[in-house]
Amino acid sequence: SSRVAWFEHDKFGLFIHWGLYSIAGGYWDGRRVPGAGEWIMKRGQIPVARYERLAAQFNPRAFDADAWAQLAVDSGMKYVVITAKHHEGFALFASKASRYNSVDATPFHRDIVGELAAACRRHGLRFGVYYSQAQDWHEPGGAGNDWDFPADAVKARDGSFDAYLRTKSEPQVRELLTNYGPLALLWFDTPLMMAGARAHRFVELVRTLQPGCLIDGRLGEAGDYRSMRDNAIPDHVEPGPWEVPATLNNTWGYRRDDVNWKSPGRLVFNLVDVVSKGGNYLLNVGPTGDGVIPTTCQDSLRAVGRWLHENGAAIYGAGPSPFGEEFGESSRTLRDRNGAPVFLPFKGWRCTTKPGRLFITVFEMEHVGQQGYVVFPAFRNQITAVYALADPKHTPLDVKTTADGRRYIAPLRQGTNPLGTVYVVEYAGGRLER
Ligand code: GLC
């Protein structure tokens with residue numbers, strides 16, 4: 001079976017952005033620094049000499065790897081990816097390549113990556129790490145810091161960027177692939193100046209040390225799956241495997257002022273929407289500097305978990321929609337700033353599939369037909385059963401046929417789920433014939 005088979009089955013993962021930026025929480029010297037929390041050093045043009053003092057404050061008393069792993073399990077997530085080193089350059093693991101890490105440079109003296117890897121293993125979760133291979137605002141040769149050091153173009157020419165890759169980035173990726181057991185995936189990000197041989201050296205590292213470990217789509221060379229842009233869910237089915245990294249609010253790293261949380265209903269819709277287009281949903285939490293995942297995040301994720309407990313068969317191991325018209329349509333009048341027609345998404349229902357079965361998840365009854373019934377695109381196969389997935393008795397539901405031969409499901413009178421009701425349509429012939 002291919003390296004990526006588990007990824008295509010599991011669909012749903014937990015992303016964790018945690019670092020020194022989590023202590024700052026979006027504010028520096030009492031001033032609000034706008035933008036994603038994990039970018040505060042760059043957005044605030046904070047000198048290394050001042051920013052690195054945060055390491056002495058890193059002492060997250062509330063950090064509990066088992067609690068984080070349990071939250072992922074409760075949420076129906078199957079893999080966990082944590083920022084082992086983000087653009088700020090601070091590593092959450094013991095490293096001989098740089099003392100700027102949670103073991104050597106903090107009063108905490110603990111290896112976060114090691115503790116979380118062990119907790120995930122105990123909880124039956126696959127474990128992966130995010131590693132910013134090019135950007136490193138703590139190092140003279142790292143990409144991205146042009147307020148303490150020269151511009152990136154200079155670093156690419158004068159050999160300091162390549163020296164950074166050889167002395168910190170590659171050695172730390174080697175440490176991650178050597179010291180923490182089997183990694184499910186390496187999540188590289190912002191491939192600045194990573195063309196050609198620079199990226200390929202990381203591919204060699206991963207393939208040599210852990211052939212089973214997946215490479216994401218942001219290394220700078222094709223990996224094992226495509227990474228969509230942040231929070232960017234495609235309008236239509238995309239050939240897989242691919243993954244959308246997504247935030248619960250508007251920042252990856254903790255911001256004390258960003259409480260713009262997505263509702264459980266929005267999260268379930270996004271998950272089903274992504275799977276119905278053939279992808280994975282990697283949903284992020286940003287723990288505080290103390291190691292606390294905000295309660296609202298936990299509550300929302302557990303609500304998604306309860307939905308998956310009842311309806312997971314429509315998600316895990318499910319394939320994309322055979323239809324497509326349910327996603328929406330291009331506007332005939334509205335144009336975006338490039339003059340392209342604006343896509344108007346339809347959010348009434350989505351369809352995921354397994355051989356001989358359609359899982360039709362209905363989100364808002366009023367959108368699916370004035371009479372409030374679920375109309376789906378015509379297909380020729382004989383329908384052999386229709387029932388609500390959450391109904392343990394699989395009580396047969398009425399399938400009605402319109403004059404022009406289209407069939408539709410009369411909705412449940414009771415037992416619908418406000419987060420989304422899944423109807424199973426079983427049909428003869430294994431393959432859908434339109
Ligand atoms: C973007 C952000 C980075 C974040 C990543 C997550 O690259 O710049 O901070 O880690 O998205 O997808």
Side-chain angles (χ1 to χ4, degrees), residues 6 13-23 38 54-73 77-133 136 138 168-189 202 205-206 208-216 252-254 282 284-293:
W6 71 264
L14 178 65
F15 212 175
I16 303 172
H17 275 67
W18 201 34
L20 298 182
Y21 45 75
S22 311
I23 299 170
E38 70 285 1
L54 282 173
Q57 296 175 48
F58 187 79
N59 196 5
R61 277 169 293 280
F63 172 59
D64 176 349
D66 277 292
W68 289 9
Q70 187 59 56
L71 174 64
V73 170
M77 293 161 154
K78 301 296 181 186
Y79 60 109
V80 175
V81 183
I82 188 168
T83 51
K85 185 218 79 170
H86 205 269
H87 311 332
E88 66 176 7
F90 178 70
L92 294 184
F93 61 98
S95 171
K96 299 204 177 344
S98 158
R99 292 184 52 77
Y100 195 47
N101 69 65
S102 58
V103 174
D104 297 322
T106 76
F108 197 55
H109 294 302
R110 280 163 58 180
D111 186 318
I112 311 289
V113 169
E115 292 185 33
L116 189 58
C120 286
R121 206 161 296 126
R122 280 194 293 274
H123 286 76
L125 294 160
R126 288 176 189 267
F127 177 71
V129 288
Y130 166 112
Y131 189 87
S132 179
Q133 72 280 18
D136 194 319
H138 187 258
K168 180 171 176 180
S169 191
E170 290 170 20
Q172 286 196 328
V173 169
R174 178 181 295 278
E175 286 174 323
L176 288 166
L177 287 162
T178 306
N179 302 334
Y180 299 101
L183 294 184
L185 63 90
L186 251 173
W187 216 98
F188 294 105
D189 192 20
F202 286 93
L205 261 179
V206 178
T208 312
L209 293 172
Q210 293 210 24
C213 177
L214 300 182
I215 295 172
D216 78 327
W252 303 89
Y254 177 68
L282 182 64
N284 179 74
V285 292
T288 65
D290 258 357
V292 174
I293 295 173

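When a residue number appears, it is its place in the shown sequence, counting from 1.
Here the CG-CE distance, from L14 to M77, works out to 4.5 Å after rounding to the nearest 0.5 Å. Distance OH/Y180 to CG/D111: 3.5 Å, rounded to 0.5 Å. Taken to the nearest 0.5 Å, the NZ atom of K85 stands 4.5 Å off from the OG atom of S132. Rounded to the nearest 0.5 angstrom, D189 CG and H86 NE2 are separated by 5.5 Å. In this structure, CG on D64 lies 11.0 Å from CG on L71, to the nearest 0.5 angstrom. Separating the OG1 atom in T178 from the CG atom in L209 is a distance of 5.0 Å, to the nearest 0.5 Å.
Aromatic rings of Y131 and F202 (six-membered ring for Trp) have centroids beyond the 6.0 Å cut-off, not under it. With ring centers used as reference points, Y21 lies 6.0 Å or more from W252.
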Step-by-step side chain to side chain contact (heavy atoms under 4.5 Å, CB included) determination, Q172 to F93: CA-CA 9 Å; Q172 286 196 328; F93 61 98; 3.9 Å; yes
CA sep, side-chain torsions, deciding dist, call: Q70, H123, side-chain hydrogen bond (donor to acceptor under 3.5 Å, both in side chains): CA-CA 7 Å; Q70 187 59 56; H123 286 76; 3.3 Å; yes
Verdict with reasoning, I16 to L116, per side chain to side chain contact (heavy atoms under 4.5 Å, CB included): CA-CA 11 Å; I16 303 172; L116 189 58; 3.9 Å; yes
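Minimum heavy-atom separation, W6 to L214: CZ2-CD1, 3.5 Å. The minimum heavy-atom distance between L20 and E88, with the atom names listed, is N-OE2, 2.9 Å. Between S102 and T106, the shortest heavy-atom distance links the atoms O-OG1, 2.6 Å. Closest heavy-atom contact between Q210 and P182: OE1-CA, 3.3 Å. In terms of heavy atoms, P60 sits closest to G289 at CB-O, 3.4 Å. Nearest heavy-atom pair, L92 versus F58, reported as atom, atom and distance to 0.1 Å: CD2-CZ, 4.3 Å.
Counting non-hydrogen atoms of neighbouring residues, nucleotides and ligands closer than 6.0 angstrom, the CZ atom of R122 exceeds 12 such neighbours. Within a 6.0 Å radius of CZ in R121, other residues, nucleotides and ligands contribute more than 12 heavy atoms.
Contact check for L186 versus Q133: no side-chain heavy atoms found under the 4.5 Å cut-off. Within the 4.5 Å cutoff, no side-chain heavy atoms of F90 are placed close to those of L54. A 4.5 Å side-chain heavy-atom check between Y79 and L125 finds every atom pair outside the cut-off. In this structure, the side chains of V285 and W18 stay at 4.5 Å or more apart for every pair of heavy atoms.
For the pair D290 (side chain) and V292 (backbone), a donor-acceptor distance under 3.5 Å is absent. Side-chain atoms of D216 come within 3.5 Å of backbone N or O of F188 as a donor-acceptor pair.
For D104, the salt bridge (charged side-chain N to carboxylate O under 4.0 Å, His left out) test picks out no residue, with sequence neighbours left out. Listed by chain and number, the residues in a salt bridge (charged side-chain N to carboxylate O under 4.0 Å, His left out) with K168 are D136, E139 (sequence neighbours excluded).
If you run ring-ring contact (aromatic ring centres under 6.0 Å, His included) between H17 and each of Y130, Y254, W187, only Y130 comes through.
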